[in-house]
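Structure, as structure tokens:
Throughout, a chain's letter reflects where its sequence line sits, starting with A, and its residues are numbered from 1.
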Amino acid sequence: MLETLQNLYLGFTVALSPPVLLYAFVGCFIGTVVGVLPGVGPLAGISLLLPATFGLNATNAIVMLAGIYYGAMYGGSTTSILMRIPGEAASVMTCIDGYAMARKGRAGAALAIAAVGSYVAGTASVVGLMFLAPPLASFALRFGPPEYFALLLLGLLVLAYMSGGSMLKALTMAALGLLLGMIGIDQMTGYFRFAYGVVELGDGIGVVPVAVGLFGLSEILATAGQAKPPDVIKPRLRELLPSRQEWRDSAMPIARGTVLGFLIGIIPGSAHIISSFVSYAVERRLARRPEEFGKGAVAGVAGPESANNSATSGAFVPMLALGVPSGPIPAVMLAAMMVHGVSPGPLLIKQQPELFWGFIASMYVGNVVLLILNLPLVGLFVNLLRVPYPLLYPGILVFCILGVYAVNNSVVDVWIMLATGVLGYLLRKLDFETAPIVLGVILAPMIEMALRQSLAMSDGHYTILVVRPISAVLLAVGAALVLLSLKPLVSRGLDWRARLALAEKGEEL
Amino acid sequence: MTPGRIALALLLVLCTSAPAAAQEAYPSRPITIVAPFPPGGVADLTARPVGVALEKVLRNPVGVVNKTGAAGAVGMQYVATSRPDGYTLLLALSSISIIPEADKLFGRPPAFTVDQFEPLALISADPTILVVRAESPWKTAREFIEDARKRPGQISFSSSGVYGTLHMAMELLQHAAGIKLRHVPYAGAGPALTAILGGHVDALASGPAVILPHIKAGKLRPLAGWGDKRVAALPEVPTFKELGYAEAEFYIWAGLFAPTGTPEPVLQKLRDALRVAVNDSDFKTAMDKLETPIAFKQGEEFRKFFEADARRLAEGVRNVGRIEAK
């Protein structure tokens, strides 16, 4: 304990030195921009700027790149809340209730809660990173394909909580999403599936183009199709701040999101995306009035936004403690270390204490910077909504296309975005929800890969999924959740879904 | 204003990929090196110092663009079909000879063929190393191979993907030693390394630079290498050639190519410039930090290396054959 504090003191002397402070600020700033821009996510941002860090020293480079990563998690909520366009994949869930809050004139409150939740989660999870990194890292590595598969199945259960309307329609959309997710090279055999000779489809359909298309573009098209344009929301200053009730409603979701996000973030893979889904499902499951979800429940913003932030710190655990490239973003950061001659490995913390502790301390500093940076921006961003739609929407469209193109320099991605935009518009007209499609596209390739890897490990025996303790526990939790949701069938009571359906019928009559 | 400067740098990078019209003495406008893999990978990390060194020699801007997708096929196809004027170059890895062979195997129209590229220079060639976890029973490569022979299909290995480089290395070994291992493909070299460190597979073939820290930390044990010679950083680790498996030869190499049809004077200028560039002291330091020895080869020497490598890999792909789902 004392040693940790001494080390932390060393870390702060590094982190508060002017150059490191400057690069932490630059990283956080760029991260916020990257998060706000639709399409450009943290991976693309870090990749684009990696070459720019080659001239810096290792600590500055790592501090800046990490700033981009967690800064993007702050910024990602902005366009989700204001325009229903996910700035990056982990903000998909925020689109649902965040945008609904904005339509009710609570955009400022949603943005403020997202920023504060991110701050709490970011800071608390660095504490976790600091004290728990080495023991947790070895635990995280025990997550192999079978465990990952079980976790993803839990993620799939989220579907049941994603839509307030017809379960049949939600599951249909999820199935469509899972099918779209099957496009691309079969990772286990090398076959091209549904690519029709387009080499770019080899990697499958990207989550970001699909999410921007289905949410953002379809919203723009739907608005444009209305006979009378919707009223421009004119936020007043005192409405920028969350009410006392909103604070109270988001306190526990922030706390739960923080813990959940950190634990899921440690697991190798793209876990920060899943963390926001799981958090949303948990909040809806625990909520006293689950029917408010999808219509602007503040918990639906607070939980996932906290979760994706603390997941970023979680992702650093195996990277720093063991030098393991535990996901695409840590892999790029490890490469950045190698470029500077720092060999990442289990001995990193011992051999490079300035780098490790400087990095930890810079994350404390960075989160404060981001809070200071983001809270005043709330007022500015909310005022974007004052821009009349004929000017606002074409502008957004341009940014969407630029952002989606920039990630891979791929025109195919732009076409995917445009096509899913039209699809999303049609589905909305037919009263289908589009969020389950996005979830399907995200989960399908991961679930398939994990399941088939598990079977490759066991030579085809499905028992591998239940004999390994972690995956057995996760599967049991999943089974329990399914059984719980069957309870109303037995007890004949009305659950919230049925109540909601009745209420809606009442409205229509 | 550092953010502003970075934005400016970004803008410049974007501008370098914009085409210019005039055709004058080569080079008269920025050259682009396409790395067909994401930033941070071997191709990217080699392309960037090469670009910087080349820029110094040619006194002309050289930029690196990552065009990723389909295990490198997207970027390679892009260069194969771009104008052969010496302004678009490719930094390729051994997958350049694997992908067309795999396309042939599946009977699909190839994304590109090897003869669409003119080899300019080999930059580095690192043999892969066979590693197992430190607590595993095999102390030597012989013990490993003997055990694998006794228990066919029981010992597992992770790879960077099916038909990927790390898969091919293992395939060449299996063929040479007459053993059968259990293959668990992962999406990239990083996850494959994570898998063996987590104990989910028994063995891995990997480039030396990424596993050295884990060997030093006592987590992984090197058994043998795929090289012609022993690796300088691991002098006590024998090669498979020494152990009598001559066909188990494999390198993770990085080389520079131009599209076929590039005029001979341009090719000559690039080759001469590269020869000077690899001796640049900054370039040497950069490769040193990556712990990747420079293995510069040009002309006939590179062609021979490339052809022998392509032949082994083509054979490897055919030996794997089409993988039918169980």
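Between the side chain of B:H200 and the backbone N or O of A:L141, at least one donor-acceptor pair lies under 3.5 Å.
Environment of OH in B:Y78: sparse, with no more than 12 heavy atoms of neighbouring residues, nucleotides or ligands closer than 6.0 Å. Heavy-atom contacts from other residues, nucleotides or ligands closer than 6.0 Å to OH of A:Y462 number 12 or fewer. For B:K67, the NZ atom counts as densely surrounded, since its 6.0 Å shell holds more than 12 non-hydrogen atoms of other residues, nucleotides or ligands.
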Evaluate the side chain to side chain contact (heavy atoms under 4.5 Å, CB included) criterion for residues A:L50 and B:D44: first the C-alpha distance (whole Å), next the side-chain angles of each, then the deciding distance (0.1 Å), finally the verdict.
-> CA-CA 10 Å; A:L50 176 66; B:D44 179 66; 4.2 Å; yes
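If you measure heavy-atom distances from B:Q154 to chain A, you find no contacts under 4.5 Å at all. Looking at A:F143, only its backbone comes within 4.5 Å of chain B, counting heavy atoms on both sides. Within the 4.5 angstrom heavy-atom criterion, atoms from both the backbone and the side chain of B:L197 approach chain A. Using a 4.5 Å cut-off between heavy atoms, B:L45 contacts chain A through its side chain alone, with no backbone atom that close. Neither the backbone nor the side chain of B:S156 comes within contact range of chain A; no heavy atom of the residue lies under 4.5 Å from a heavy atom of that chain. With a 4.5 angstrom heavy-atom cutoff, B:A73 touches chain A via backbone and side-chain atoms both. Contacts between B:P185 and chain A at a heavy-atom distance below 4.5 Å involve backbone atoms as well as side-chain atoms. Using a 4.5 Å cut-off between heavy atoms, A:T53 makes no contact with chain B at all. The contact between B:A187 and chain A is made by backbone and side chain atoms together, counting heavy-atom distances below 4.5 Å.
For chain A, the option among B:L193, B:D288, B:V184 with the highest count of heavy-atom pairs below 4.5 Å is B:V184. For the options A:A140, A:P268, A:G327, A:P346, heavy-atom pairs under 4.5 Å to chain B are most numerous at A:P346. Ranking A:P51, A:S454, A:P318, A:P328 against chain B, the residue ahead of the rest is A:P51, based on heavy-atom pairs under 4.5 Å. Heavy-atom pairs under 4.5 Å with chain B peak, among A:Q187, A:M457, A:M449, at A:M457. Highest contact tally toward chain B, considering only A:L347, A:V339, A:L334, is held by A:V339 [criterion: heavy-atom pairs under 4.5 Å].
Nearest approach of A:P325 to B:T194, heavy atoms of both residues: O-OG1, 3.5 Å. Of all heavy-atom pairs between B:Y163 and A:G190, the closest is CE1-CA, 4.3 Å. Nearest heavy atom pair, residue A:P344 against residue B:H214, reads O-NE2, 4.4 Å.
Between B:K289 atom NZ and A:H340 atom NE2 the span is 6.5 Å, to the nearest 0.5 Å. Taken to the nearest 0.5 Å, the CZ atom of A:F192 stands 5.0 Å off from the CZ atom of B:R108.
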